[in-house]
Amino acid sequence: MGTLPFLLTPAYKDYLWGGERLKSEYNKDTGISPLAESWECSVHKDGQSIVASGEFEGKTLSEVLREHPEYIGTHPDSQMGFPLLVKLIDAKEDLSIQVHPDDEYAREHENGEYGKFEMWYVLEAEKDAQIVYGFSHDCTKEQVEKSIANGTITRHLQKVKVRKGDVFFVSPGTVHAIGKGIIVAEIQESSDLTYRLFDYNRADKKGYKRELHIDKALDILDYNKKTEPKRPLRVLKYSNGCAMETLARCQYFEVHRELVNGEYSLQSDGYSFRVLLCTEGGSKMKVFDDTIDIEKGNCIFIPANSCEIKFSGKAEFLDIRA
């Protein structure tokens with residue numbers, strides 16, 4: 001018969017650079033302010049998603065997956081547990097200049113954590129919004145270390161203008177930052193490892209400056225000039241009730257954008273779970289005789305052995321799989 005999908009309630013983060021748009025535009029029901037991130041699908045110890053519908057309602061996603069590891073699927077990494085973390089990020093202000101380690105460095109220096117390879121899908125971008133993406137020229141470790149000390153690091157960074165619908169891969173070792181006026185969906189390894197190089201001397205609500213991680217960052221940075229990412233040709237493929245395009249396919253995950261218009265059915269194949277994140281519009285999700293209203297911002301977990309799911313309405317989803 002197959003397993004039923006279920007909605008998730010995210011964990012919320014109030015980092016000082018966040019805004020209010022996840023509440024006003026993505027229907028996040030929380031008193032946290034500012035609301036910088038919602039961890040939509042997460043089993044990470046620093047922020048767990050909670051099941052919001054069905055027989056497991058009220059349990060953490062990690063509890064459900066411990067009880068039912070078959071929900072993760074049969075893909076090669078399934079024996080390591082749930083491998084991904086899916087977020088919404090609202091950058092009202094610039095994020096810190098930062099870098100993430102790879103799996104090998106994280107295992108050696110961070111108690112066996114995953115490293116952090118990530119992808120951004122730009123949901124909203126104000127006019128002239130930009131990201132930091134690598135160095136604008138070849139640098140040396142000594143040059144970067146000195147520029148951090150004297151506050152001139154931004155002179156060496158490549159700035160890339162962004163627009164709604166852009167896709168960026170951020171590999172470990174790449175210096176980067178999301179700029180103000182941007183909302184992204186971030187798909188990443190299940191990790192919270194971030195090494196901050198520079199944070200504009202900002203202080204939190206209590207007046208404390210956030211911790212920097214300069215020594216570790218200098219260990220792992222890619223000091224070579226980064227090629228500005230190109231916008232590849234994207235092709236929509238049409239089927240009954242849905243147009244789909246592939247946004248990303250890498251060793252960690254694949255991400256598809258699905259435009260539902262009318263009635264559309266899907267079912268997982270046993271190989272991998274699927275995470276559906278509604279980024280526009282709304283629809284009804286019908287499983288057998290039960291119907292659930294899906295709105296912008298909702299996140300649905302579909303087990304690898306799911307039953308058939310039927311959608312109707314007009315909505316955009318990110319469909320994320322291992």
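Residue numbers start at 1 and run along the sequence shown.
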Check for a donor-acceptor pair, side chain of [X] on one end and backbone N or O of [Y] on the other, with a separation under 3.5 Å.
X	Y	value
D199	N201	no
N305	G270	no
S283	A315	no
T246	A248	no
S96	F198	no
S191	Y114	yes
D166	V122	no
Y26	S38	no
K116	T194	no
S272	A322	yes

Which value, rounded to the nearest 0.5 Å, describes the distance between [X] atom [atom1] and [Y] atom [atom2]?
X	Y	atom1	atom2	value
Q98	L212	CD	CG	11.5 Å
L276	E316	CG	CD	12.0 Å
I148	I214	CD1	CD1	5.0 Å
E25	T279	CD	OG1	12.5 Å

What residue pairs, at least two apart or across chains, pass salt bridge (charged side-chain N to carboxylate O under 4.0 Å, His left out) with a residue in residues 3-15? D14-K205

What residue pairs, at least two apart or across chains, pass salt bridge (charged side-chain N to carboxylate O under 4.0 Å, His left out) with a residue in residues 79-99? E37-K87, K87-E186

Salt bridge present between E20 and K23 (N-O < 4.0 angstrom): yes

R210 and D204 ion-paired at < 4.0 Å: no

Do [X] and [Y] make a side-chain contact, defined as non-hydrogen atoms from C-beta onward lying under 4.5 Å apart?
X	Y	answer
Y264	N240	no
C41	C299	yes
V144	L221	yes
T9	L7	no
V64	F6	yes
V43	T60	no
K284	I292	no
K141	K146	no

If a pair satisfies ring pair (Phe, Tyr, Trp, His ring centres under 6.0 Å) and one of its residues is in residues 30-53, list it, with sequence neighbours excluded. none

Pairs involving residues 155-174, ordered by first then second residue, that meet ring pair (Phe, Tyr, Trp, His ring centres under 6.0 Å) (sequence neighbours left out): F117-F169, H137-H156

Counting neighbours of [atom1] on [X] that are heavy atoms of other residues, nucleotides or ligands and sit closer than 6.0 Å, is the number greater than 12?
X	atom1	value
R155	CZ	no
N150	CG	yes
K159	NZ	yes
D138	CG	yes

Verdict with reasoning, H256 to E254, per side chain to side chain donor-acceptor pair (under 3.5 Å): CA-CA 7 Å; H256 306 272; E254 59 182 82; 2.7 Å; yes

Which pair of heavy atoms, one from [X] and one from [Y], lies closest together, and at what distance?
X	Y	value
I302	S268	CG2-OG, 4.1 Å
E189	D103	OE1-OD1, 2.7 Å
K225	S136	NZ-O, 3.3 Å
P83	H75	CG-CE1, 4.4 Å

Under the rule for side chain to side chain donor-acceptor pair (under 3.5 Å), what residues qualify as partners of [X], not counting sequence neighbours?
X	answer
S265	none
Y12	none
Y15	none
R234	E245

Non-neighbouring partners of [X] that pass ring pair (Phe, Tyr, Trp, His ring centres under 6.0 Å), sequence neighbours left out:
X	answer
F253	none
Y105	H109
W120	H176
F311	F317

Taking the ring centre of each residue, are F82 and F273 less than 6.0 Å apart? yes

Just say parallel, tilted or perpendicular for the rings of Y195 and H213, cut-offs at 30° and 60°. tilted

Under the side chain to side chain contact (heavy atoms under 4.5 Å, CB included) rule, what do F301 and L65 come out as? Steps first, then yes or no, please. CA-CA 11 Å; F301 185 88; L65 296 181; 4.0 Å; yes

For S306 and Q267, test the side chains for any donor-to-acceptor distance below 3.5 angstrom and give the result as yes or no. no

CA sep, side-chain torsions, deciding dist, call: S312, E263, side chain to side chain donor-acceptor pair (under 3.5 Å): CA-CA 4 Å; S312 61; E263 296 186 351; 5.7 Å; no

Working note: Y271 + R321, criterion side chain to side chain donor-acceptor pair (under 3.5 Å); need CA distance, chi angles, decisive distance, verdict. CA-CA 9 Å; Y271 181 77; R321 316 168 198 179; over 6 Å; no

